[in-house]
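Have a look at the structure that comes next, please.
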Amino acid sequence: MGLGLLSRDFFDRPAHEVAPELLGRVLVHGEVSVRLTEVEAYGLPGEDPASHTYRGQTPRNSVMFGPPGHLYVYFTYGMHYCANIVCLPEGHGSAVLLRAGEIVSGLDVARARRNGARDRDLARGPARLAVALGWGREDNGLDMIGKVLDGSPPASVLAGPRTGISTGADTPWRFWIEGDPTVSPYRAHVPRRRG
DNA sequence: GTGCAGATACACT
DNA sequence: GTGTATCTGCACG
């Protein structure tokens with residue numbers, strides 16, 4: 001298991017290069033640590049229609065235009081938080097969404113936050129991962145340098161289309177560890193009907 | 001295991 | 001006003 005920390009240079013690259021190399025590495029936040037098993041890359045303004053930065057900088061996505069290695073936390077569906085790590089130098093607007101992981105430290109704290117969930121489901125899905133780690137609005141912009149542990153690469157990494165998005169779904173920028181039980185099930189985007 | 005329906009608040013058009 | 005990088009609970013097999 002890794003003892004080293006990832007440097008800022010690690011994130012100073014395109015998100016689709018950073019994303020697969022994050023798999024198997026460990027995020028530390030307070031008492032809880034998570035080994036990443038599933039991530040997605042989101043690209044540049046004007047290039048990736050699924051990215052929050054596709055239409056340029058807004059107050060919400062401004063952290064994505066900041067320096068690499070910082071945490072971009074956003075609120076969605078009226079009740080969920082999701083977290084990304086910013087890639088590329090300041091001014092670009094790209095990040096890796098943290099989709100799922102395995103709790104490797106602070107299991108009791110994570111269980112309490114995810115009341116009643118089975119261990120494999122504690123961080124299975126981006127909103128669940130944010131809850132397990134205790135991330136919220138106040139962590140938007142948090143510098144993750146020093147909180148991402150180096151580690152040995154997973155045995156096998158697969159790539160496929162991204163999850164739950166209506167555009168850009170054909171780009172294979174979702175990466176996961178083959179056979180890992182904590183990888184979230186794929187769901188195609190389902191537009192919500194008005195009542 | 002699969003497949004819906006509904007909840008919910010915010011950013012952006 | 002419209003759409004959302006989701007989750008939970010329930011049905012069914």
Side-chain angles (χ1 to χ4, degrees), chain A residues 11 14-16 18-20 22-23 27 34 36-65 70-88 92-101 103 110-141 144 158-176 179-195:
Chain A
F11 299 100
H16 65 273
V18 172
L22 277 174
L23 294 174
L27 303 174
V34 166
L36 287 174
T37 58
E38 183 186 359
V39 295
E40 284 178 3
Y42 285 88
L44 296 170
E47 294 187 7
D48 181 4
S51 176
H52 279 188
T53 62
Y54 182 57
R55 291 173 181 82
Q57 187 166 351
T58 67
R60 177 170 73 154
N61 66 27
S62 61
V63 168
M64 279 182 73
F65 288 87
H70 287 252
L71 198 68
Y72 166 50
V73 180
Y74 70 93
F75 185 67
T76 191
Y77 287 98
M79 59 189 97
H80 298 304
Y81 291 98
C82 299
N84 306 244
I85 300 182
V86 176
C87 294
L88 291 174
H92 285 75
S94 179
V96 175
L97 173 67
L98 310 173
R99 284 200 58 87
I103 308 294
R111 282 178 183 143
R113 286 172 177 157
R114 296 266 304 111
N115 187 33
R118 309 218 310 268
D119 281 359
R120 77 166 50 167
D121 293 328
L122 289 175
R124 191 188 199 210
R128 294 162 168 179
L129 187 146
V131 170
L133 281 170
W135 277 335
R137 192 186 304 279
E138 69 279 8
D139 297 299
N140 189 36
M144 291 299 290
L158 297 182
R162 291 174 293 186
T163 304
I165 55 176
S166 54
T167 54
D170 51 330
T171 308
W173 277 2
R174 171 177 176 251
F175 304 92
W176 66 96
D180 193 285
T182 65
V183 172
S184 61
Y186 177 74
R187 293 189 211 285
H189 174 75
V190 180
R192 176 177 158 274
R193 265 188 25 186
R194 298 196 304 275

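Just so it is clear: chains get the letters A, B, ... in the order the sequence lines come, proteins before strands, and each one is counted from 1. Here the structure is a predicted model, which means the values were calculated and not measured.
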Give a yes/no verdict on base stacking between C/dC7 and A/Tyr77: centres under 5.5 Å, planes within less than 30° of parallel.
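No; by the centre-distance and plane-angle rule, A/Tyr77 does not count as stacking on C/dC7.
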Under a 3.5 Å cut-off for both contacts, is C/dA5 paired Watson-Crick or G-U wobble with anything, and if yes, with which nucleotide?
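Base-paired to nothing in any strand shown.
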Just how far is it from atom CH2 of A/Trp176 to atom OG of A/Ser184, taken to the nearest 0.5 Å?
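OG of A/Ser184 is found 10.0 Å from CH2 of A/Trp176.
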Quick one: A/Phe75 CZ to C/dT4 P, roughly how many Å, whole number?
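Rounded to whole Å, this separation is 17 Å.
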Give one of base, sugar-phosphate or nothing for A/Ala50, where a contact means two heavy atoms less than 4.0 Å apart.
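Contact class for A/Ala50: base.
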Mind checking the CZ-NE2 spacing from A/Phe175 to A/His16? Nearest 0.5 Å is all I need.
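So the gap between those two atoms works out to 7.5 Å.
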Using the six-membered ring for Trp and the full ring for Phe, Tyr or His, decide whether A/Tyr74 stacks on the six-membered base ring of C/dA5 (centres under 5.5 Å, planes under 30°).
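So no, this residue does not stack on that base, at least one cut-off failing.
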Quick one: look up who B/dT8 pairs with, Watson-Crick or G-U, both distances under 3.5 Å, and put none if it's unpaired.
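Partner of B/dT8: none found under 3.5 Å.
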Return the value, rounded to whole Å, for the distance between atom CZ of A/Arg114 and atom P of C/dT6.
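Between P of C/dT6 and CZ of A/Arg114: 15 Å.
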What integer distance in Å separates A/Met64:CE from C/dA5:P?
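Rounded to the whole Å, the gap is 12 Å.
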Check whether any side-chain N or O of A/Arg114 sits under 3.5 Å from a backbone N or O of A/Asp121 as a donor-acceptor pair, and report yes or no.
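Looks like yes, one N/O pair under 3.5 Å.
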Value in whole Å for how far the C1' atom of C/dT4 lies from CZ of A/Arg162
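Distance check: A/Arg162 CZ to C/dT4 C1' gives 15 Å.
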Just how far, in rounded Å, is C1' of B/dG1 from CZ of A/Arg120?
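Whole-Å distance recorded here is 12 Å.
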Spacing of A/Arg124 atom CZ relative to C/dT8 atom P, expressed in whole Å:
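A/Arg124 atom CZ is separated from C/dT8 atom P by 11 Å.
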Atom OH of A/Tyr81 to atom P of C/dA5: distance rounded to whole Å?
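Answer to the nearest Å: 16 Å.
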Most 5' of A/His80 and A/Arg137 on DNA chain B, judged by nearest nucleotide
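Here A/His80 is the residue nearer the 5' end.
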What distance do A/Thr37 atom OG1 and A/Leu98 atom CG have between them, rounded to the nearest 0.5 Å?
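Separation between the atoms: 10.5 Å.
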Can you identify which nucleotide, out of B/dT8, B/dT13, C/dC7, has its nearest atom closest to the A/Met79 side chain?
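The answer is B/dT8, which lies nearest to the side chain.
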Within this structure, what is the CZ-to-C1' distance between A/Arg118 and C/dG9, rounded to whole angstrom?
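Going from CZ in A/Arg118 over to C1' in C/dG9 covers 15 Å.
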Quick one: is A/Arg174 getting a side-chain N or O under 4.0 Å of the C/dA5 phosphate, OP1 or OP2?
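No.
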Starting the side chain at C-beta, find the nucleotide from B/dA11, C/dC7, B/dA7 nearest to A/Arg60.
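For A/Arg60, the side-chain atoms sit closest to B/dA11.
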Just how far is it from atom CZ of A/Arg60 to atom OH of A/Tyr72, taken to the nearest 0.5 Å?
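Spacing of CZ (A/Arg60) from OH (A/Tyr72) equals 4.5 Å.
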Please determine, for the side chain of A/Asn84, which listed nucleotide (B/dT13, C/dA5, C/dT6) has the closest atom?
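My answer, after comparing the listed nucleotides, is C/dA5.
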